[in-house]
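Below, chain A is the first sequence line, B the second, and so on; all start at residue 1.
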Number of protein chains: 2
Amino acid sequence: MVADKSRSEQRDILGRAPSLADTLALRLRDEISSGRLQAGERLPTEQQLALTYGVSRPIVREAVGRLKHDGLVLSRQGAGAFVAEPGSSSVFRLDVADFSDKAELRHIVELLMAVEASATEHTAERHSEADLATIRTRLDAMQAAIDRGESGVDEDVAFHRAIIDATGNPFFRDLSEFLDRRVRNFIRTARANTARLAGMAQMVQGEHQAIFEAIVARDPQKARMAAETHLKNAAARLALYLGR
Amino acid sequence: MVADKSRSEQRDILGRAPSLADTLALRLRDEISSGRLQAGERLPTEQQLALTYGVSRPIVREAVGRLKHDGLVLSRQGAGAFVAEPGSSSVFRLDVADFSDKAELRHIVELLMAVEASATEHTAERHSEADLATIRTRLDAMQAAIDRGESGVDEDVAFHRAIIDATGNPFFRDLSEFLDRRVRNFIRTARANTARLAGMAQMVQGEHQAIFEAIVARDPQKARMAAETHLKNAAARLALYLGR
DNA sequence: AAAACTCCACTTGTCAGGCAACTTGGTTAT
DNA sequence: ATAACCAAGTTGCCTGACAAGTGGAGTTTT
């Protein structure tokens, strides 16, 4: 049976075989993205799918349900399920499952830099006094952490987060939070040696200071450039830290 | 029954009630994001959920399956389903279902601008001759369309797409394509009067020319600024076009 | 008494069969 | 010819059941 073969091949992180619905969903997704199933075309009936892939109908329903959830197909009771127009979907899905490729990490970091830099620019352009107060508090907290001899990573994150929150754009917030977490997660799993980074904290703080001053001055250009410099340096530190 | 009540209240675009699994998934998602279900905590068993919400177990499975798909919960056969740590998830989901709010459109446009501007900057920094040739072809195609008296929207999209593809970053490509489609989709549904835009095509082309020249000159700063100017003008044209 | 082992209740994963609601196309009646 | 109608096909949902895996309680062994 086709489904069984792919199951025994691919296994997840815990060494467990992915569910039948997962593999089937992946298969159907591939059928669509490869163009074997054109937009507007009707999918085979659930019974046919069940028969072809050697699974039960509930499994088929679960798999198709996921595609519906992701906006790839639309179903009408009594009529069938149809491949959605590629632009009609209202949901965007970003799956960064495997950092196996070094290139993927770089792509993620690039996107993160784009979002953060733009957000910093926006905040410099239009921030309230309350925003500024919050950012200043975070900056001071970072300094306090450094003075205590800590690495101050949490305070670092909080500082950037305050700047991004000030934009009032939830997409900036959610996306940068996700990307940031992915990168930090990668760092942690790659090598758990934060000691070397501690010495760089004051250097980081200096860059933070520059960003903050540009925001206070309401100078978007300067804020962007300061943020870009900071992020590029962070990437360089990351490379150093990973011992490349 | 609780589920039935919410079904009759919320209806989708076509006036059809959302599926039971959808409403249940939404409910559980809410339970998690609100913090009523803490990270690491075990979800009620499928049978309990089925009983509480008055649906059958397959429906519960479908709903929970979606949360698993989105990385919000992890399940272990025999043990149960557990709320995932926020940050362990490798999938990011962006749902731009409703443009009901004007603010949401602005947020989308802001994110699109951030991605496009950064991508343009990257391309100026590092592009091959082949990339350049493609971009030039698209630029010429746009001019040809204008000369034919057409609006050239397709050629416009293709031009930007070529620049973004040149970054070699699939996230830039996918995200900007999605956002662009959403915005254009909104424009189309809001008012289908492209006649007014046709006269602006030559103005758009002038901005494209500036972007292209900055890329050729390998001047990232200038490329970014040209792209930002272009996008801001586009947003302004959009506002004018919508008759705000 | 502590550790290891065994067994069993419980939970998720999957299957089978069936009924209700809806769509569609052809058929029949007007 | 047109309209009403009907029947087959399809999705939405349910019940009941078994297999596979987990975890703890009870039992045995050291």
* Asked: Do A/His69 and B/Asp70 have side-chain N/O donor and acceptor atoms under 3.5 Å apart?
  ->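 Per modelled atom types, A/His69 and B/Asp70 side chains form a pair under 3.5 Å.
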* To do: Decide yes or no, distance alone: a donor-acceptor N/O pair under 3.5 angstrom between the base of D/dG16 and the side-chain of B/Arg57.
  =>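 It does not, because no donor-acceptor pair links the side chain of B/Arg57 to the base of D/dG16 below 3.5 Å.
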* Can you check whether any acceptor in the base of D/dG23 is under 3.5 Å from a donor in the side chain of B/Arg76, or vice versa? => no
Figure out the [atom1]/[atom2] separation between [X] and [N], and round it to whole Å.
X       : N      : atom1 : atom2 : value
A/Phe82 : C/dC22 : CZ    : C1'   : 13 Å
B/Tyr53 : D/dC13 : OH    : C1'   : 19 Å
A/Arg61 : C/dT14 : CZ    : C1'   : 15 Å
B/Leu43 : C/dG13 : CG    : C1'   : 16 Å
B/Arg42 : D/dT22 : CZ    : P     : 14 Å
A/Glu62 : D/dT11 : CD    : C1'   : 16 Å
A/Glu46 : D/dG12 : CD    : P     : 6 Å
A/Lys68 : D/dC13 : NZ    : P     : 8 Å

* To do: Verify the neighbour count for atom CD of B/Gln47: are there more than 12 heavy atoms of other residues, nucleotides or ligands below 6.0 Å?
  => no
* **Side-chain ion pair, A/Glu177 and A/Arg173, N-O less than 4.0 Å** =>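 No, no charged N to carboxylate O under 4.0 Å.
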* To do: Could you say whether A/Pro58 or B/Pro44 is positioned toward the 5' end of DNA chain C, judged by the nucleotide with the nearest heavy atom to each?
  => B/Pro44
* To do: Please round to the nearest 0.5 Å and tell me the distance separating atom OG1 of A/Thr134 and atom CG of A/Asp165.
  => 9.0 Å
* Taking the side chain of B/Gln77 as heavy atoms from C-beta outward, which of D/dC14, D/dG12, D/dA19 is closest to it? ->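 The closest nucleotide is D/dA19.
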* A/Ser56 has a side chain; which of D/dT22, D/dT11, C/dA16 sits nearest to it? -> C/dA16
* To do: Fit a plane to each ring of A/His107 and B/Phe171, take the angle between them on a 0 to 90° scale, and name the class: parallel (under 30°), tilted (30 to 60°) or perpendicular (over 60°).
  =>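 Plane angle over 60°, so perpendicular.
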* Asked: Looking at A/Ser75, does any N or O in its side chain come under 4.0 Å of the phosphate oxygens OP1/OP2 on D/dG12?
  -> yes
